[in-house]
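In what follows, every chain begins at residue 1, and chains take the letters A, B, ... in the order their sequences are listed. Values in this document were obtained by computation on a predicted structure and should not be read as measured data.
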Number of protein chains: 2
Amino acid sequence: MTLPQHDQAARVLLQQSNGRITPARIGVLGILLAANAALSHQEIEQLALQQGYTFDRVTLYRALDWLVEQGMAHKISGADRTWRYNAQAGIPHQHAHFHCKQCEQVFCLENLQPAFLFALPPGYQLEQVDVTLQGRCPACTQQS
Amino acid sequence: MTLPQHDQAARVLLQQSNGRITPARIGVLGILLAANAALSHQEIEQLALQQGYTFDRVTLYRALDWLVEQGMAHKISGADRTWRYNAQAGIPHQHAHFHCKQCEQVFCLENLQPAFLFALPPGYQLEQVDVTLQGRCPACTQQS
DNA sequence: TATATTAATGCAATCTTGTTGCAAAAGAGA
DNA sequence: TCTCTTTTGCAACAAGATTGCATTAATATA
Ligand SMILES: [Mn+2]
Ligand SMILES: [Mn+2]
Ligand SMILES: [Zn+2]
Ligand SMILES: [Zn+2]
């Protein structure tokens, strides 16, 4: 799943920041770039181990936070009260998410633009819209 | 904020269930009925204390879960990974929520019906839509 | 290449939210 | 009032996430 070229891509992206290029950052960003779903801390930790990375939990949290700060990733708060992370390819994080109730994976739906019938009550000042769809992902739908 | 009449209203609602009418349930439901925002466990605990209720944390969790099961309340998973609870007046929980970034309160927007331009990618099977708007609530908007 | 500076890491401790098991207490019907 | 069940309190536990601080490592500079 995570191949060497993703670590190369990660390295290139990291060059563009003014932070240090460390194994943790390379590894984590590489993993995010290779994933097709938003990953939880646990999932990232496991994938990292599989690739031989051995940084600890706290380092992982800090690397992820840093990537989010730098705009190289974004995080989504799931209904299970865990954060999930996704590498964003320069795109502003303005899209909906799909949470599969069967496999528990979270997918970013880049092209789903919700249109609201804005009957927002007076006085509210809107800044951001978070849309989470729930149901079954394509893979799980096909299985049954 | 929470007045005696809400405890009376709570009592009446609880009669309609087939569970026992206990101080914890009366107090919690009364607090939810009196609130104009969805409350976190912590907030409910504090309000309960202010009213002289002294049930413990676990009892509160269980009372809330029970109220949700009974359909007398609904819970919302916030972006801060805590549950927030709101007494629902028989209305099916099919509405958007507004999370104020300043006061951190969450409001139910009963009348905001989001309409989607459904460009949902093929294969996804949709079951539920959660919409959370973020920004500033009327009170916080006015303050500044 | 060697050194100095500062940012990032590892580790242990801590916090927060929420859950579980079980004995004791209390609600509700008889 | 008695009996049967449900609900509660308490202590322990669990998972996700955060903090403080000494050590280590990345990078700039000499
Ligand atoms: Mn996303
Ligand atoms: Mn609501
Ligand atoms: Zn799935
Ligand atoms: Zn507000």
Checklist entry - Counting side-chain heavy atoms from C-beta on, which of C:dT17, C:dT19, D:dT6 comes nearest to B:Gln42? => result C:dT17
Checklist outcome for this item: When rounded to whole Å, the CG to P distance for the pair B:Asp80 and D:dG16 reads 17 Å
Next on the checklist: Whole angstroms only, please: what is the CD-P distance between A:Glu43 and D:dA15?
Outcome noted: 16 Å
Item to check | Separation of atom CD1 in B:Ile76 from atom P in C:dT17, rounded to whole Å | outcome: 16 Å
Checklist entry - Are B:Leu126 and A:Val129 connected in the hydrophobic side-chain network, where two residues link if heavy atoms are under 4.5 Å apart? => result yes
Item to check | Value in whole Å for how far the P atom of D:dT18 lies from CG of A:Leu60 | outcome: 12 Å
Item to check | Geometric class of the B:His95/B:His74 ring pair [parallel <30°, tilted 30-60°, perpendicular >60°] | outcome: perpendicular
Checklist entry - Toward the 5' end of DNA chain C, which comes first, A:Arg20 or B:Tyr61, by nearest nucleotide? => result A:Arg20
Next on the checklist: For a quick check of understanding: with a heavy-atom distance under 4.0 Å over all strands, which category does A:Ala24 fall into, base, sugar-phosphate or nothing?
Outcome noted: sugar-phosphate
Next on the checklist: Counting the atoms with a prime plus P, OP1 and OP2 as sugar-phosphate, which does B:Arg25 contact under 4.0 Å by heavy atoms, base, sugar-phosphate, or nothing?
Outcome noted: sugar-phosphate
Checklist outcome for this item: Of C:dT19, D:dG9, C:dA28, the nucleotide closest to the side chain of B:Phe55 is D:dG9
Item to check | Per A:Arg62 side chain, nearest of listed nucleotides D:dT7, C:dT17, C:dC11 | outcome: C:dC11
Item to check | Separation of atom CD in A:Glu69 from atom C1' in C:dA8, rounded to whole Å | outcome: 13 Å
Checklist entry - Is atom CD of A:Glu127 surrounded by more than 12 heavy atoms (other residues, nucleotides or ligands) closer than 6.0 Å? => result yes
Checklist outcome for this item: Whichever of B:Thr82 and B:Thr22 has the more 5' nearest nucleotide on DNA chain C, that residue is B:Thr82
Checklist outcome for this item: Between B:Pro23 and B:Val58, whichever has its closest DNA chain D nucleotide further toward 5' is B:Pro23
Checklist entry - Rounded to whole angstrom units, what separation is found between the CG atom of B:Asp56 and the P atom of D:dT7? => result 16 Å
Next on the checklist: Please classify the nucleic acid contact of A:Arg57 as base, sugar-phosphate, or nothing, using heavy-atom distances under 4.0 Å.
Outcome noted: base
Checklist entry - In terms of the angle between their ring planes, are B:His41 and B:Tyr61 parallel, tilted or perpendicular, with boundaries placed at 30° and 60°? => result parallel
Checklist entry - Could you give the CD1-to-C1' distance, from B:Ile26 to C:dG27, as a whole number of Å? => result 11 Å
Checklist entry - Has A:Trp83 got a side-chain N or O lying under 4.0 Å from the OP1 or OP2 atom of D:dG16? => result no
Checklist outcome for this item: Atom CZ of B:Arg11 and atom P of C:dA28 are separated, to the nearest Å, by 10 Å
Item to check | Polar contact flag, side-chain donor to acceptor under 3.5 angstrom, A:His99-A:Gln105 | outcome: no
Item to check | Among D:dT7, C:dT17, C:dA28, the nucleotide that comes nearest once only the side chain of A:Arg81 is considered | outcome: C:dT17
